[in-house]
Structures are given as structure tokens and as C-alpha cells.
Amino acid sequence: MVSGHLFHCRKNSWPPEEYINRNTLQLFDFDSAAPPEHAWRRKLNSNANLLREFSVTFREAIKMVRLGIRLWSYIREEASHGRKAPIDPFTRESCKPSAAQGVPLGGMGSGSISRGFRGEFRQWQIIPGICEGSPVMANQFSIFISRDGGNKNYASVLAPGQHEGLGKVGDQGISSWGWNLGGQHSTYHALFPRAWTVYDGEPDPELKISCRQISPFIPHNYRESSLPTAVFVYTLVNTGKERAKVSLLFTWANSIGGISHLSGDHVNEPFIGEDGVSGVLLHHKTAKGNPPVTFAVAACETQNVSVTVLPCFGLSEGSSPTAKEMWDKMVQDGQFDRENFNSGPCMSSSPGETLCAAVSASAWVEPHGKCTIAFGLSWSSPKVKFLKGSSYHRRYTKFYGTSERAAQDLVHHALTNYKRWEEDIEKWQNPILKDEKLPEWYKFTLFNELYFLVAGGTVWIDSPLPVTNINENQRQLTNVEYTDVKVTEAEVNNKQGTVVEHTATGHHRSVKLDPQNDNEDVGRFLYLEGVEYIMWNTYDVHFYASFALLELFPKIELNIQRDFAKAVLSEDGRKVKFLAEGNWGIRKVRGAVPHDLGTHDPWNEMNAYNIHDTSKWKDLNPKFVLQVYRDFSATGDMAFGVDVWPAVRAAMEYMEQFDRDNDGLIENDGFPDQTYDAWTVHGVSAYCGCLWLAALQAAAAMAFQLGDKAFAEWCKTKYLKAKPAFEEKLWNGSYFNYDSGSSSNSKSIQADQLAGQWYTASSGLPSLFDDFKIQSALQKIYDFNVMKVKGGRMGAVNGMHPSGKVDESCMQSREIWTGVTYGVAATMILAGKEKEAFTTAEGIFIAGWSEEGYGYGFQTPEGWTMDGHFRSLIYMRPLSIWAMQWALNLPKAILEAPTINIMDRILLSSFSSRSSQNESGVRKIATKAKCFGNSVFNCAC
């Protein structure tokens with residue numbers, strides 16, 4: 001529960017000495033065994049309170065009753081076809097969410113398993129789009145300790161106390177194990193992608209234990225970061241006067257979460273591998289025709305460490321052996337029989353039977369001696385199969401093949417390379433962690449929010465980008481003009497494939513997009529909007545989250561933009577019913593940026609979202625243009641610019657239909673036609689209008705750099721007309737009104753009103769407005785949306801009346817959106833308001849991540865209400881905290897951009913036409929950039 005301290009004080013430091021005895025820390029001061037100076041920390045006996053979900057008000061429910069009826073009908077229809085609707089607010093998981101999450105396991109895009117701070121393995125996402133939240137309680141680490149003389153023996157699961165679902169005491173299952181750990185002297189320390197659990201004299205007062213969890217999430221490493229594997233390194237320090245025999249036990253159920261262990265036909269088999277890596281393979285036959293999965297659990301045998309296995313045991317009385325018999329064997333002998341390695345595959349399990357395996361690693365630890373024992377876990381599910389039929393191979397199969405037995409090679413690789421992973425991780429993180437100018441909460445929260453790139457349902461496939469085939473008629477539809485441009489080959493070669501690397505010290509240097517292989521195709525990448533909103537690459541949300549990918553995996557980010565560029569120029573005429581209004585339309589309109597890449601057949605059946613007709617949304621197309629330009633300007637990748645340019649033009653031209661009064665501005669249409677899809681907008685709006693102004697400027701700049709001078713002139717002309725109209729209609733002297741309508745909330749202060757200015761400044765373009773207007777609007781947001789909400793301890797509420805009362809016109813106006821708050825903070829940093837920025841963002845940490853908060857660590861929701869009730873856990877948008885880091889350390893190319901105002905370089909002619917017969921300009925750049933393979937021009941060099 002939230003304590004009263006949440007709203008009265010701010011804690012600035014969380015040193016490990018507050019959680020662990022200083023002498024114990026000194027004992028672990030080797031081999032990375034000690035937890036880091038900066039980390040998210042919990043005691044293992046901390047209360048993991050149940051989380052409280054938001055509810056709609058009576059007035060909101062009345063407004064949405066027709067939508068609810070249509071949505072209910074749609075969900076039932078999808079279920080009749082064996083499919084889950086992308087949005088289902090009516091079905092709740094049997095496992096109620098709690099404040100128990102921790103750092104997830106594995107790299108990106110190959111399925112994920114999360115591990116709670118108390119040690120339980122939960123949040124299973126092996127099958128795309130399916131999240132099994134309940135922990136599999138048979139999956140545990142346990143310890144068995146005996147000392148010379150036999151007077152001091154300990155046996156305990158390394159997780160605190162009894163857990164729900166263990167079964168009755170005295171049965172043959174896991175309730176028969178020793179659940180003896182109190183947890184009051186044990187602590188968890190998280191700094192993604194690593195976590196440390198320190199047992200400070202539990203269960204043996206004379207044995208100090210550190211478990212270090214490591215996953216291969218390594219920025220700019222597109223190989224290791226795709227691997228479905230993790231390592232657990234145990235460091236043991238014997239402070240007693242007697243030699244201790246210590247046996248660590250790793251047990252694992254043949255399961256992918258939920259009730260999958262009961263489906264039958266699962267098989268376990270032992271293996272002995274190279275370099276002392278030995279363990280058990282667990283072959284899991286998934287239900288409902290999903291691709292099979294093989295797990296490998298293993299330990300590394302060394303001169304001092306002996307590894308034995310029990311390939312099969314069960315949880316019920318009829319099993320042979322039972323979980324109780326397995327435990328008793330470990331208590332008695334501290335190991336299993338060596339001949340178990342020769343037992344071969346076991347009999348396949350029967351339906352209703354749970355099949356488990358165990359790996360033991362034993363070592364003698366001398367008095368005042370130290371020992372290290374390493375366990376590995378991997379899972380191999382090489383094929384991704386979506387419900388409507390399309391199948392792909394995961395990214396890691398490029399390096400390990402398409403056999404499920406690759407799990408053995410993966411776990412071997414992990415156990416023999418984890419030290420190199422740690423070196424790379426520390427090299428990446430240390431400049432930020434050691435930057436004394438940054439608040440401590442920010443340092444570790446910045447890294448921990450990246451959990452979503454593993455646990456956000458990510459799918460990373462080994463599939464080359466499709467070559468875009470556009471015939472001459474389609475090319476004419478895009479209305480692209482290619483005028484001549486003077487770009488030297490040296491300039492193109494210099495720009496192609498570069499990106500700027502940032503450091504916390506403010507130094508900037510250019511590096512290749514992929515230092516390992518410039519020409520390597522990194523496949524295609526999907527991540528969910530959230531585990532409750534099952535839509536891939538939701539674009540209006542990616543607008544906020546994309547800073548993390550651009551900063552850490554820029555090639556993935558560019559490929560996502562290429563996917564959307566291709567989508568802009570496509571059309572899908574299949575009929576769809578839109579649930580908010582009950583009207584019908586087509587699934588995908590040419591020229592409109594899709595809301596998402598789909599759910600059950602991504603890339604092929606887009607726009608799974610069907611609440612509104614998003615072809616009429618006003619934010620998606622400007623967001624596409626802004627993201628493309630930001631990525632183009634930051635990387636300097638001319639091939640990328642040429643590749644996506646026709647889609648940029650088409651996206652801008654599509655928006656002309658929404659300028660109803662020819663003032664250069666787009667108008668909203670009296671329904672929630674943007675990312676705030678429950679918040680109605682009338683006429684010109686601060687949010688969409690500002691995005692449109694920024695997009696006009698970005699498109700003009702990109703057109704100029706690519707040589708499309710006529711289109712650059714068209715955009716500039718439009719911009720010069722739209723900007724004064726925007727300010728005249730919305731600027732009220734201190735901020736921009738919510739919209740130009742006459743509704744009760746038209747004068748509301750929207751936290752996100754400067755979203756376009758945020759991207760403008762992030763991309764090195766000239767400011768959209770005079771500085772005093774930007775400063776004034778941000779100060780208004782800070783004073784009202786931030787500080788009038790529990791003294792700034794909650795984040796920025798989306799809408800606030802100028803009277804200081806929260807805008808309660810709809811569900812979303814009264815919510816605090818985590819990712820939007822981070823984005824507002826980034827805008828403040830770019831405007832020189834760093835103090836206000838960190839205070840604003842700290843509210844998200846205090847309410848969401850701190851020990852006094854609501855318990856949303858490693859499951860940051862889309863937002864919460866004023867009383868802290870969540871909506872949509874494990875959500876994409878909070879990755880926008882990396883926009884703050886981007887703002888603090890802008891790339892060199894962007895830092896230098898404001899010295900030359902590119903808009904001033906676009907000279908307006910007396911007659912600006914958007915059509916021309918001359919294609920030579922952009923074609924010349926395409927030739928020099930050698931980009932025809934992916935180019936929309938599709939011509940041979």
C-alpha cells in the first residue's frame with residue numbers, strides 16, 4: 001500500500017549500505033558480485049501489494065455504453081474464431097497483478113520470461129501476443145548446506161515464505177520443499193539488464209550469497225541482443241570456521257506458463273556439453289498448433305564445482321520420482337547420481353501430468369573462502385506463427401539454426417560469454433551512472449524502463465526487408481517531383497550509415513549504424529503497445545517510445561520506419577466496422593499512416609485497432625514525418641532518406657483534405673481523432689496543430705536536403721500561412737488552448753500541447769514559436785499540470801482547467817500518462833528548464849517506482865488516475881524516458897543544425913508546383929547512396 005510519505009518528502013539516494021551490511025558488501029567486492037551503487041532495491045520480505053485498476057465514472061460509462069456493447073459483440077465474434085481481440089476490457093486474468101515484478105530474462109524478440117524481485121519466474125510471453133502472468137512455482141533456486149562435523153545443516157528454497165498455489169502441506173509436490181527463507185536479510189537490486197539478489201546470512205548465518213542475473217541486452221549488438229538466454233552467477237562466501245559443502249539446485253517445469261504443463265507429450269533429456277556445460281533439455285509440445293519450444297537448464301562444471309542432474313520428476317503422488325523424493329535426495333546427498341546423464345529421453349508426459357527437471361551444482365567452500373557457481377537458462381522456439389497463418393523464423397536462428405535443440409548451444413554460449421556481456425553492459429552504462437549532474441533516481445530508472453524491449457511482447461524475425469515494387473502508375477499517384485540537386489558523392493558516402501553516439505559527459509562522436517557489419521540486414525521488429533493492448537508497433541505510441549530504439553538500436557528503428565513507409569503507400573480495401581460510431585470503412589486507406597501493423601497477421605493485415613477510423617486521425621501522418629526526419633537527421637543515412645521520401649510526401653499530401661478553411665492548418669473533426677482516443681477535439685487543436693506545424697517544417701527540410709525543391713517550397717509556403725493562424729486561434733497569452741472550439745474544456749491546459757516543438761528541437765530544426773511563448777507554456781504546464789497534482793509527486797495530468805481544477809471531461813483528460821510526462825520533461829530540457837524537467841519526471845518515479853509508491857516497477861502502465869489506479873500495465877510509451885537522455889546529449893549533427901536555419905535556405909519562387917517531369921535530383925542521390933535494393937524507385941544501378 002502507499003504510505004503517507006509519498007506526498008511529503010523526496011528521497012534522493014538509495015545506497016546499497018542501507019540494505020546490506022557494509023562488511024558483506026566488502027566480501028562481495030570482486031567479480032561484479034556486489035550490487036551496483038545505483039539500482040532499484042527491495043527487501044525480499046517486502047509486501048507485494050495487489051495493484052488497483054482504474055474504473056470509469058458513471059458519466060463516462062453512459063457516454064461509452066454503445067461502444068461497450070459493440071466491443072463486447074466484437075470480442076465474442078473473435079473468440080468464436082479462436083482469436084483474442086486486441087482490446088478486451090471485459091476479461092481479467094486469474095492472476096491479479098501485484099507489485100512483484102523484476103528484471104526480465106533474455107534478449108529481445110525471442111520470447112521472454114520475467115523474474116519477480118522475490119525470485120519467481122512469471123509473465124511468460126513465449127507465444128506472440130499471449131502473456132501468462134502467473135508464476136510457475138516449481139521453477140526455483142534452492143540451497144543445501146552442510147558443514148564439517150554435521151552440526152549445522154540448512155536446506156531452503158531461495159524465495160521467501162509460502163506462496164499461493166504451492167499445494168497442501170505434507171503432499172508430494174513442491175509444498176514439501178523447505179520454504180524456510182524469511183527474506184528480512186535478503187535484498188534485490190535491479191539495474192536492467194542485470195539484477196542482484198543478496199542473501200546476507202540467510203538461510204545460513206555464516207554463508208553470504210550473491211546471485212547475479214545477466215541477460216544479453218547490449219546496445220548496437222544485433223546478434224547477442226537477440227538471444228533467448230540468461231545466466232545466474234552465484235558467489236558464495238564462507239565466513240565460518242568450518243568448511244561448508246554447498247549445493248545449489250535449479251528446478252524447472254516443462255511449461256510455458258499458465259496450464260501448459262498439463263497438456264501432455266512433453267519430454268526431458270539430460271545432456272553433457274563442451275567446456276563443462278551440462279544440464280537437461282525440456283522439449284515442450286505446445287497446444288493449439290503453436291510451434292514447439294525447448295528449454296535448456298544447465299550449470300558449468302569446473303575443477304571445484306560438480307554438476308549432476310535429475311532429468312525428470314513430478315509434482316503428484318503417482319510420479320516417479322516425486323518432488324518430495326527429489327528434495328529428500330538433495331537433503332541427504334547434496335547431489336544426484338552421475339549415471340542420470342546416461343538415462344536418455346524420458347517417457348513423454350501424460351495429459352494432466354507435470355514434468356520437471358533439476359540441475360545441481362555442488363562445491364566445497366573453505367573457511368573464509370569464496371566460490372562461484374554459474375547456471376544458465378535458454379529457450380529455443382525458432383518459428384513465430386501468427387494466428388492467421390504467417391510464419392517467420394526468429395532473429396537468433398540466423399546464428400543458431402532453426403532446430404529447437406539450439407537451446408543447448410545457446411546455454412553453452414551464455415555460460416562461456418557472460419563476462420564479455422557484462423563488460424559491454426558496463427561500458428554502455430557507466431558514463432551515465434557516473435554523471436554526478438544526474439539525479440540518482442533517473443540513472444537507474446532510465447535503464448530499468450528498457451525492460452519493455454524484452455517483456456513488451458517483442459518479436460524479432462530474421463527476414464530481409466521486402467523490396468518495394470512500385471510501378472509507374474503508382475509512382476505518379478505519389479506526385480513526387482525529383483528536381484536537380486548538387487550533392488557530391490563524398491557527401492553522400494559520408495552521410496550513409498552514420499549515427500552519433502552520445503555520452504553523459506557531453507562529448508560526441510560519429511560511429512557506424514552497426515559497427516559490426518555495415519551491410520547486415522537486422523531483420524524486422526515488432527513490439528506490443530502493451531500486454532493488454534495487443535497491437536504491434538502502435539505508431540502514435542511509438543512516436544514517444546522510439547527514442548530508446550534510435551539511441552540504442554538505430555538499425556531496428558530505421559527498419560520500423562521503412563515498414564511504415566511501405567504501409568503508407570498501400571491500401572487494404574477489406575471492410576471494417578468501427579466500434580465507437582458503428583460505421584463501416586476500409587481497413588487501410590492509401591496515404592494514411594496505419595495505427596499499427598496488425599495483431600494476428602502483422603505487416604499483412606494492418607490496423608487491428610478498430611475503435612475509430614484512424615485514416616481520419618490527425619496525428620499519425622505528422623508523427624510519421626517527424627520521426628522519419630529526426631531519424632534521417634540524426635543518422636545522416638541518405639539511403640534511408642531516399643527510401644522513405646515518397647511515403648513522406650504522400651503522408652503530407654494526404655493531410656490537405658483536413659484543411660477545411662484553407663488557412664494552412666489541419667482541423668480536428670469533433671471526435672477523438674488522435675492518440676487521446678477518448679478525448680474529443682473541435683477545430684484547430686494545440687496537440688495536432690503543433691504536430692502539423694512541425695511536420696511542415698520537417699518535410700520542407702528533408703525535401704530541401706534530398707533535392708525536391710518544389711515540395712520544400714510548398715511546405716514552407718504552407719507553414720508560413722499556418723503558423724500565424726495557429727497562434728491567433730489558440731495562444732491566450734500564457735499557453736495554447738486545448739482547441740479552438742467552444743466546449744467546456746476548450747481552454748484546458750494540455751500537458752502535451754508542445755509535442756511538435758519537442759520533435760522540432762530534438763531534430764535540430766528552428767523553434768516553432770518565439771522563445772517566450774515556449775517558456776510560458778512550459779511554465780504553465782509545470783505550475784498547473786504538475787505541481788497542482790499532489791505537489792508534483794504524480795507526474796503531469798493530461799488536462800487541467802486554468803482554474804486549477806483537473807479537466808474531468810473524459811477518462812483520459814483526468815489521467816496522468818507516464819510516457820507523456822517523460823516527453824514533457826524532455827521538452828523542458830530542450831528549452832533549458834532542466835530543474836522543472838527532472839521534478840516533472842520524478843513524479844513518475846515517486847508514484848510508480850519508489851518504495852512508497854503504487855508498485856508499478858517493471859510494469860509501468862499507460863497511466864494512472866489521481867488516486868494511483870492504473871490503466872494498461874506493461875505499456876510501450878514510458879520508453880520515452882530515453883527522450884530525456886536524447887535531449888541531454890543531442891547528437892553532434894543535430895547540435896550543429898541550428899547554426900544554419902534550413903527554412904531560410906528554402907527560397908520561394910513566384911510559382912510553386914509540386915509536379916515536374918525531371919526526376920534527376922532524388923534519383924542522383926539514390927544512385928550515390930547505392931540504395932536501390934530497398935528504394936521505392938526500384939531501378940537498377
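Keep in mind that the numbers below use all heavy atoms, side chains included, and drop hydrogens, waters and symmetry copies.
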key: Cation-aromatic face contact Lys618/Trp692, 6.0 Å, 45 degrees   = no

message = So, using ring-ring contact (aromatic ring centres under 6.0 Å, His included) as the criterion, who are the partners of Tyr418 when residues are at least two apart?
response = none

remark   = Contacts of Trp758 meeting ring-ring contact (aromatic ring centres under 6.0 Å, His included) (sequence neighbours excluded), chain-then-number -> Phe543, Tyr544, Phe547

Taking only residues two or more places apart in sequence, or in another chain, which ones meet [X] in a side-chain contact (heavy atoms from CB on, under 4.5 Å)?
X	answer
Ala698	Val625, Leu626, Tyr629, Leu765
Glu862	Trp817, Arg871, Ser872, Tyr875, Arg877
Ala545	Tyr527, Met876, Leu879
Thr821	Ala796, Ile816, Thr840, Ile844

Treating [X] as the side-chain partner and [Y] as the backbone partner, does any N or O pair qualify as donor plus acceptor under 3.5 Å?
X	Y	answer
Ser225	Gly107	no
Asn221	Glu224	yes
Lys773	Tyr735	no
Asn621	Val593	yes
Gln697	Pro766	yes

note = Tested for side chain to side chain donor-acceptor pair (under 3.5 Å) against His542, the lone hit among Glu529, Lys623, Glu557 is Glu557

Identified ring-ring contact (aromatic ring centres under 6.0 Å, His included) counterpart of Phe444 within the set Trp849, Tyr451, Phe858, Phe845 = Phe845

Any side-chain donor near an acceptor of the partner, [X] and [Y], under 3.5 Å:
X	Y	value
Asp708	Trp645	yes
Glu449	Thr860	yes
His220	Glu551	no
Gln779	Lys833	yes
Glu440	Trp14	no

Side chain to side chain, [X] and [Y], heavy atoms closer than 4.5 Å:
X	Y	answer
Leu549	Trp882	no
Val644	Val628	yes
Ile556	Met108	yes
Pro193	Gln429	yes
Tyr442	Glu842	no

query = Does a side-chain N-to-carboxylate-O contact under 4.0 Å join Lys718 and Glu713?
reply =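 Salt bridge flag = no for Glu713 with Lys718.
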
Sidechain N-carboxylate O distance under 4.0 Å for Glu653, Arg649 = yes

query = Taking atom CD of Gln775 as the centre, does the number of heavy atoms from other residues, nucleotides or ligands within less than 6.0 Å exceed 12?
reply = yes

key: Parallel, tilted or perpendicular: rings of Phe736 and Phe769 (30°, 60°)   =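 Rings of Phe769 and Phe736: tilted, 30 to 60°.
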
task = Determine the interplanar angle of the Tyr539 and Phe624 rings, folded into 0 to 90°, and report it as parallel if under 30°, tilted if 30 to 60°, perpendicular if over 60°.
result =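 Because their plane-to-plane angle lies in the 30° to 60° range, the rings of Tyr539 and Phe624 count as tilted.
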
